[in-house]
K.L.:
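Provided herewith is a single structure, encoded as structure tokens, for subsequent inquiry.
All values below come from the heavy atoms of this structure, side chains included, with hydrogens, waters and symmetry mates left out. As the structure is a computational prediction, the values presented were derived from the model and not from experiment.
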Amino acid sequence: NQQKTKIMIKNVGQTDKIIRIVLAVILASLDFFEVVKGRFSWVLSVVAIVLLATALLNFCPLYKVLGKSTCEVK
């Protein structure tokens, strides 16, 4: 019995990664500079954290569920 242990296979490509980081910075800035206030600012912060985390890990759980990948084929 061999079990596959590949849980997080890279599925975020370089261009996708850059876009995610730029969006995360923009969303975090909107909260930091209080352009957006209230509950919506918290939502933006959470989305920014998720975008940054997926960019740094090169893995998006939603892409895995959808069977999508933006990685270049080697």
K.L.:
What's the spacing between Lys64 NZ and Ile9 CD1 if we round to 0.5 Å?
P.N.:
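Lys64 atom NZ to Ile9 atom CD1 measures 5.5 Å (nearest 0.5 Å).
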
K.L.:
Would you kindly confirm whether Val46 and Ile49 end up in one hydrophobic cluster when ILVMFWY residues are joined by side chain heavy atoms under 4.5 Å apart?
P.N.:
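No; tracing contacts between hydrophobic side chains, which count when under 4.5 Å, never links both residues.
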
K.L.:
Kindly compute the distance separating CG (Asp16) from OG1 (Thr54), expressed to the nearest 0.5 Å.
P.N.:
7.5 Å

K.L.:
Nearest 0.5 Å, please: how far is CD in Gln14 from CD1 in Ile19?
P.N.:
11.0 Å

K.L.:
Measure the spacing between CD1 of Ile21 and CG of Leu51 and express it to the nearest 0.5 Å.
P.N.:
10.0 Å

K.L.:
Between Phe59 and Leu56, is there shared hydrophobic-cluster membership here, with clusters defined by ILVMFWY side-chain heavy atoms closer than 4.5 Å?
P.N.:
no

K.L.:
For residues 22-35, please give each side-chain donor-acceptor pair under 3.5 Å, one per line with the distance, not counting sequence neighbours.
P.N.:
from	atom 1	to	atom 2	distance (Å)
Ser29	OG	Val25	O	2.7
Asp31	OD1	Ser41	OG	3.4
Asp31	OD2	Ser45	OG	2.7

K.L.:
Write down the atom of Ala55, the atom of Lys17, and the distance for their closest heavy-atom approach.
P.N.:
O-CE, 3.2 Å

K.L.:
Do the side chains of Lys68 and Asn11 get nearer than 4.5 Å, heavy atoms only?
P.N.:
no

K.L.:
Quick check: closest heavy atoms across Glu72 and Gly13, and the distance to 0.1 Å?
P.N.:
OE2-CA, 4.3 Å

